[in-house]
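Every chain is numbered from 1 and lettered A, B, ... according to where its sequence line falls, protein lines coming before strand lines.
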Amino acid sequence: MKEVVISIIMLIGTFFLFSGALGVFRLPDVYTRLHAASKSATLGVAGILIAAFLFFIFEAQMVSGKLILGIIFILMTAPVSGHMISRAAYQKGVPLWEKTTRDDLDKAKQKKASTKG
Amino acid sequence: MTSLLSTVSTICIVVIAISTLFLLYRAIKGPSNPDRAVALDTIGINLMAIAGILAIKLETPYFNDIILLIGILAFIGTVAIAKFLEKGVIIERSRD
């Protein structure tokens with residue numbers, strides 16, 4: 001029973017990691033690829049680390065705080081690094097996908113420039 | 001270690017290796033440099049997952065330090081690449 005629970009959680013994590021890699025492989029531009037990479041990779045690695053945590057509790061009666069610390073660290077840093085890469089790409093003028101319909105940052109920049117000058 | 005858990009962890013390692021191959025294609029081919037940065041960041045996260053599964057498969061707790069270390073190094077590397085791509089410098093000195 002314990003092995004079934006650990007296996008199911010590990011398979012869920014692997015599914016999310018695979019779908020994130022597939023999104024990075026298939027999606028059309030940098031910003032959509034970042035969307036796929038940061039969210040699903042976070043969920044996938046959290047699932048696998050929770051599976052390892054449960055395995056060490058059941059198998060060795062050992063509560064491993066490092067795995068919980070790893071999950072919290074990934075949850076904090078993945079959005080930060082994704083936002084920084086996205087901001088760097090926008091500032092360097094990497095083009096958006098041609099079917100993109102909204103660009104709020106461009107609108108805000110034009111508004112700021114018009115009020116300043 | 002039962003045979004179920006061993007089989008499932010082998011399957012998971014194979015699937016994560018295939019997804020790392022997809023990311024490696026994006027890291028080599030990627031049209032722009034931020035694409036390569038995204039792919040390398042996700043490869044780091046996949047390495048953390050592979051270390052976690054190896055800790056289950058080999059029944060040893062010594063991989064837990066490796067997981068934290070890879071996470072911290074991947075985050076710092078990604079931040080450094082992003083700052084370099086945006087401004088051309090990593091550590092900027094602000095005079096006055």
Novice: Looking at every heavy atom in both A/Ala88 and B/Ala82, which two are closest together, and how far apart are they?
Specialist: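 Result for this residue pair: CB-O, 3.5 Å.
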Novice: Determine, using the 4.5 Å side-chain heavy-atom cutoff (strictly less than), whether A/Ile8 and A/Leu17 are members of one ILVMFWY cluster.
Specialist: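 Yes; A/Leu17 is reachable from A/Ile8 via cluster members.
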Novice: Tell me, do B/Asp65 and A/Lys66 make a side-chain contact under 4.5 Å, heavy atoms counted?
Specialist: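 The answer is yes; the side chains approach within 4.5 Å.
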Novice: Locate the shortest heavy-atom distance separating B/Leu5 from A/Glu3; write the atom from each residue and the value.
Specialist: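 Looking at all heavy atoms of both residues, the closest pair is CD1-O, 4.0 Å.
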Novice: Does any backbone or side-chain atom of B/Ile81 lie under 4.5 Å from a heavy atom of chain A? Answer side chain, backbone, both or neither.
Specialist: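 No part of it gets close to chain A.
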Novice: What residue in A/Val45, A/Thr42, A/Leu11, A/Thr77 has the most heavy-atom pairs under 4.5 Å with chain B?
Specialist: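 Option with the greatest count: A/Thr77.
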Novice: Using the rule that Ile, Leu, Val, Met, Phe, Trp and Tyr join whenever any side-chain heavy atoms are under 4.5 Å apart, tell me whether A/Ile9 and A/Phe15 fall into a single cluster.
Specialist: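 Same cluster.
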Novice: Does A/Val4 belong to the same Ile/Leu/Val/Met/Phe/Trp/Tyr cluster as A/Ile57, with side-chain heavy atoms less than 4.5 Å apart forming each link?
Specialist: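 They do share one cluster, since a chain of ILVMFWY contacts under 4.5 Å joins A/Val4 to A/Ile57.
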Novice: Once rounded to the nearest 0.5 Å, what's the spacing between atom CZ of B/Phe22 and atom CZ of A/Phe18?
Specialist: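 Output value for this atom pair is 5.0 Å.
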Novice: I need the minimum non-hydrogen distance between B/Ala37 and A/Ile85, along with the two atoms involved.
Specialist: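 It is CB-CD1, 4.0 Å.
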Novice: Could you tell me the separation between the CD1 atom of B/Ile76 and the OG atom of A/Ser81, rounded to the nearest 0.5 Å?
Specialist: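 Reported value, rounded in 0.5 Å steps: 12.0 Å.
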Novice: Nearest 0.5 angstrom please: A/Met84 CE to B/Thr78 OG1, how far?
Specialist: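 A/Met84 CE to B/Thr78 OG1: 9.5 Å, rounded to 0.5 Å.
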Novice: Any idea which of A/Arg26, A/Arg33, A/Arg87, A/Met62 has the most non-hydrogen atom pairs under 4.5 angstrom with chain B?
Specialist: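 The candidate making the most pairs under 4.5 Å is A/Arg33.
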Novice: Distance check, rounded to the nearest 0.5 Å: A/Ile74 atom CD1 versus B/Ile45 atom CD1?
Specialist: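 The CD1 atom of B/Ile45 is 4.5 Å from CD1 of A/Ile74, to the nearest 0.5 Å.
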Novice: What pair of heavy atoms forms the shortest contact from B/Arg26 to A/Phe25, and how long is it?
Specialist: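 Where B/Arg26 meets A/Phe25 most closely, the heavy atoms are NH2-O, 2.7 Å.
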Novice: Find the one option among B/Ala74, B/Gly52, B/Ala49 whose heavy-atom pairs under 4.5 Å with chain A are most numerous.
Specialist: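 Top option by heavy-atom pairs under 4.5 Å: B/Ala49.
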Novice: CG of A/Leu22 to OG of B/Ser19: how many Å apart, nearest 0.5 Å?
Specialist: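 A/Leu22 atom CG to B/Ser19 atom OG measures 9.5 Å (nearest 0.5 Å).
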Novice: Is there a side chain to side chain contact (heavy atoms under 4.5 Å, CB included) between A/Phe56 and B/Ile56 once you walk through the steps?
Specialist: CA-CA 8 Å; A/Phe56 283 124; B/Ile56 293 179; 5.8 Å; no
Novice: So with a 6.0 Å cut-off around NZ of A/Lys109, is the heavy-atom count from everything else above 12?
Specialist: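 Yes, the 6.0 Å shell around NZ holds more than 12 heavy atoms from other groups.
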Novice: Is there a path from B/Leu54 to A/Leu49 through hydrophobic residues (I, L, V, M, F, W, Y) whose side chains come within less than 4.5 Å of each other?
Specialist: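 Looking at the clustering, A/Leu49 is in the same group as B/Leu54.
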Novice: Checking heavy atoms, do the side chain of A/Val94, its backbone, both or neither come under 4.5 Å from chain B?
Specialist: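 It is the side chain, since no backbone atom gets that close.
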Novice: If you round to the nearest 0.5 Å, how far is OG1 of A/Thr14 from CD1 of B/Ile13?
Specialist: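 One finds 9.5 Å between CD1 of B/Ile13 and OG1 of A/Thr14.
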Novice: Write down the atom of A/Lys92, the atom of B/Glu86, and the distance for their closest heavy-atom approach.
Specialist: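 Minimum heavy-atom separation between A/Lys92 and B/Glu86: CD-O, 4.0 Å.
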Novice: Output the option from B/Asn33, B/Leu23, B/Thr42 having the highest count of non-hydrogen pairs under 4.5 Å with chain A.
Specialist: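 Sorted descending by pairs with chain A, the first entry is B/Leu23.
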Novice: Is it the side chain or the backbone of B/Tyr25 that comes within 4.5 Å of chain A heavy atoms, both, or neither?
Specialist: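 Contact with chain A: side chain only.
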Novice: Check for me, please, whether B/Met48 and A/Leu75 land in the same ILVMFWY cluster - side-chain distances under 4.5 Å, paths through other members count.
Specialist: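 Yes; A/Leu75 is reachable from B/Met48 via cluster members.
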Novice: So for A/Leu69, is it side chain, backbone, both, or neither that comes closer than 4.5 Å to the heavy atoms of chain B?
Specialist: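 Backbone plus side chain of A/Leu69, per the 4.5 Å heavy-atom cut-off to chain B.
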Novice: Sort out for me which of A/Ser7, A/Ala89, A/Ala41 touches chain B most, counting heavy-atom pairs under 4.5 Å.
Specialist: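 Counting heavy-atom pairs under 4.5 Å, the top option is A/Ser7.
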